[in-house]
Amino acid sequence: MATSLQETQLVAFDEEPAMELLRASIFHTPRNPFHSSGPLEFFADGGLFIRDGRIEACGDYTAIRNAYPDVEVTDLRGGFLLPGFIDTHIHFPQGRIIGSLGRSLLDWLEHCALPEEARMDDDSYATLVAAEFMQGLVTHGTTTALVFGAHFPRATAILFEAAQARGLRIISGQVFSDRLLSPALHQSAESAYRDGSDLIRRFHGQGRLLYAVTPRFALSASEAMLEVCQTLMNENMGVRFQTHLNENDAEIAEVRRQFPWARDYLAVYERYGLGGRGAVMAHNVHPSNSELERLAAGGTSVAHCPCSNAALGSGIFPLAGHLKAKVHFALGSDVGGGTGYGMLKEGLQAYLLQRLTPGGAMLTGEQLLYLATKAGAEALDLADETGDFMPGKSADLVYLKAPERSPLAAVLKRAPDAESILAAIFTLAGAECVEEVRVAGEVVHRTSPDRD
Ligand code: GUN
Ligand code: ZN
């Protein structure tokens with residue numbers, strides 16, 4: 001029999017004190033480094049003062065210690081505190097198909113993704129995959145994620161329950177499709193409305209959970225289904241929106257055939273009012289200038305998924321074009337089209353692909369950190385809550401430490417400045433460096449439970 005959700009999901013850590021001062025090197029990006037050229041916010045000997053799960057102060061350790069002389073200090077020197085990573089595009093049911101290489105999007109969907117997603121009809125299987133999914137997120141330092149749920153309402157509820165048990169900040173929704181995928185994954189527009197409304201009632205705004213209306217992509221949604229999405233958005237305050245856009249040439253050509261009235265891919269969503277603040281379109285590898293302009297004007301964000309774009313051969317993200325048009329974007333792992341849960345790896349891949357692109361951007365470590373944290377919070381309309389260490393934010397953080405004798409440890413001995421340290425972290429750090437992860441000050445992952 002499958003292991004129960006409770007057995008696999010509940011992780012007991014000692015309760016954190018109501019007030020705590022963490023001492024470590026600290027990086028965060030409260031300002032957008034694509035717009036401002038201020039110094040990188042780095043405290044070599046830093047202090048992060050947390051009260052009741054919120055950040056009250058962040059700065060040089062000595063100054064913070066002087067301001068709070070009596071508070072308990074947790075000494076984490078030798079490692080780095082960063083805001084918890086924010087993954088703006090990931091698929092819960094695809095954890096077990098990561099690494100299905102050698103195919104392009106539509107072929108990969110048919111042969112790899114969709115057959116696996118059909119298995120989510122089995123609750124005990126969905127429970128196991130949900131537990132693995134949470135583990136994948138926390139072990140890589142991700143504290144917030146915008147997640148494609150399952151096509152089945154029960155499996156989507158299982159995901160929400162697993163997130164709640166684990167304490168992560170998860171925005172998700174049942175994936176809607178009513179054509180062109182395997183029939184096992186279809187639902188009618190009527191049942192999508194019913195199931196979506198029910199899931200919103202049960203999970204939206206519960207603790208750290210939010211709901212996102214999630215048509216899979218225009219290709220697999222009828223106009224009736226897109227209308228249901230519009231209705232759900234209009235009827236429910238604060239729900240987010242996510243889908244795919246302009247990922248692959250063959251996909252785009254098919255969308256044109258299916259929606260002959262639409263001037264381009266984005267116009268299909270626009271007709272139903274699907275976009276705007278808090279909406280995230282994944283990929284957007286092949287946008288027209290007009291689409292970029294309209295995304296920017298509407299405040300819609302894009303999830304840039306560089307590992308997936310390379311693995312599925314979708315193309316190279318026009319990052320400079322997004323910057324020029326002022327379209328907001330952040331990083332996404334796109335598990336399982338992507339190559340894993342690591343947002344540091346996504347940052348490195350974004351850098352590498354831009355390096356190889358004529359006219360590509362030369363991304364800095366600071367920009368990569370912003371794209372993996374604060375930019376995600378902005379995309380999800382959560383920037384008042386998470387994404388950096390400014391006072392009042394939730395204490396969502398990842399503590400990274402280079403394992404002894406690792407290549408990263410060797411580089412850090414010599415790294416001359418903050419930017420070099422950050423670049424080395426993005427280049428060399430993976431899950432093996434993630435020692436502790438907290439959401440709202442609560443430990444959701446720790447590699448050494450007996451640390452104290
Ligand atoms: N477009 C529609 N569905 C998917 C998916 O599961 N992954 C990716 N990368 N693109 C999609
Ligand atoms: Zn995707």
Side-chain angles (χ1 to χ4, degrees), residues 87-120 129 133 145-152 155-156 159 171-182 184-186 212-221 225-226 229 240-255 258 265-266 268-269 274 279-286 301-317 329-341 343 346 349 376 379:
D87 188 338
T88 62
H89 184 64
I90 184 164
H91 295 255
F92 139 62
Q94 296 178 6
R96 290 193 177 188
I97 55 154
I98 297 169
S100 307
L101 302 179
R103 296 179 191 270
S104 297
L105 177 66
L106 299 179
D107 177 37
W108 173 84
L109 281 172
E110 183 183 341
H111 292 100
C112 306
L114 304 183
E116 175 68 7
E117 297 206 23
R119 297 194 181 101
M120 294 297 136
V129 173
F133 183 76
L146 177 61
V147 182
F148 269 57
H151 284 268
F152 307 100
T156 306
L159 170 78
I171 309 176
S172 187
Q174 183 184 346
V175 183
F176 293 154
S177 290
D178 60 352
R179 60 176 188 170
L180 291 181
L181 298 182
S182 41
L185 298 178
H186 289 167
V213 173
T214 310
R216 186 164 195 131
F217 56 166
L219 201 53
S220 66
M225 185 63 93
L226 294 169
C229 293
R240 308 306 201 256
F241 178 80
Q242 60 179 341
T243 192
H244 294 91
L245 175 70
N246 285 325
E247 178 173 3
N248 161 289
D249 286 334
E251 170 215 19
I252 296 166
E254 193 55 30
V255 169
Q258 296 294 332
Y265 200 149
L266 181 62
V268 177
Y269 299 129
L274 302 172
V280 177
M281 309 278 176
H283 301 284
N284 204 32
V285 174
H286 306 284
S301 294
V302 167
H304 172 30
C305 308
C307 289
S308 167
N309 291 345
L312 294 174
S314 301
I316 294 186
F317 181 67
F329 60 94
L331 290 173
S333 68
D334 195 27
V335 159
T339 61
Y341 293 84
M343 296 305 290
E346 293 301 331
Q349 182 76 2

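Counting convention: from 1, in listed order, for ligands and their atoms alike. These figures come from a predicted structure and were not determined experimentally.
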- Note on the structure: Value for CG (Leu146) from OG1 (Thr88), rounded to nearest 0.5 Å, stands at 7.0 Å

- Message: For the backbone of Ala150 and the side chain of Thr156, can you confirm whether one donor and one acceptor N or O come within less than 3.5 Å of each other?
- Response: yes

- Query: Does any N or O in the side chain of Tyr341 come within less than 3.5 Å of the main-chain N or O of Ser333, such that one atom is a donor and the other an acceptor?
  - Reply: no

- Are Phe217 and Leu181 close enough that some pair of their side-chain heavy atoms sits under 4.5 Å apart? yes

- Can you tell me how far CG of Asp334 sits from CD of Glu247, rounded to the nearest 0.5 angstrom? 6.0 Å

- Task: Could you tell me whether a side-chain N or O of Glu251 sits under 3.5 Å from a main-chain N or O of Leu106, the two making a donor and an acceptor?
- Result: no

- For the side chain to side chain donor-acceptor pair (under 3.5 Å) test, which of His151, Arg240, Gln174, Gln242 pairs with Thr214? Gln242

Provide, line by line, the atom pairs where ligand 1 and the protein bring an N/O atom each to a distance under 3.5 Å; else say none.
residue	atom	partner	partner atom	Å
ligand 1	3 (N)	Arg216	NE	2.9
ligand 1	6 (O)	Gln94	NE2	2.9
ligand 1	6 (O)	Arg216	NH2	2.6
ligand 1	9 (N)	Glu247	OE2	2.8
ligand 1	9 (N)	His283	NE2	3.4
ligand 1	9 (N)	Asp334	OD2	2.7
ligand 1	10 (N)	His244	NE2	3.4
ligand 1	10 (N)	Glu247	OE1	2.6
ligand 1	10 (N)	Glu247	OE2	3.4

- Item | Steps toward ring-ring contact (aromatic ring centres under 6.0 Å, His included) verdict (Phe148, His89) | CA-CA 7 Å; Phe148 269 57; His89 184 64; 5.2 Å; yes

- Query: What protein N/O/S atoms are found closer than 2.8 Å to the Zn ion (ligand 2)?
  - Reply: His89 NE2, His91 NE2, His244 NE2, Asp334 OD1

- Rounded distance [0.5 Å steps], CZ in Arg96 versus CZ in Arg119: 9.5 Å

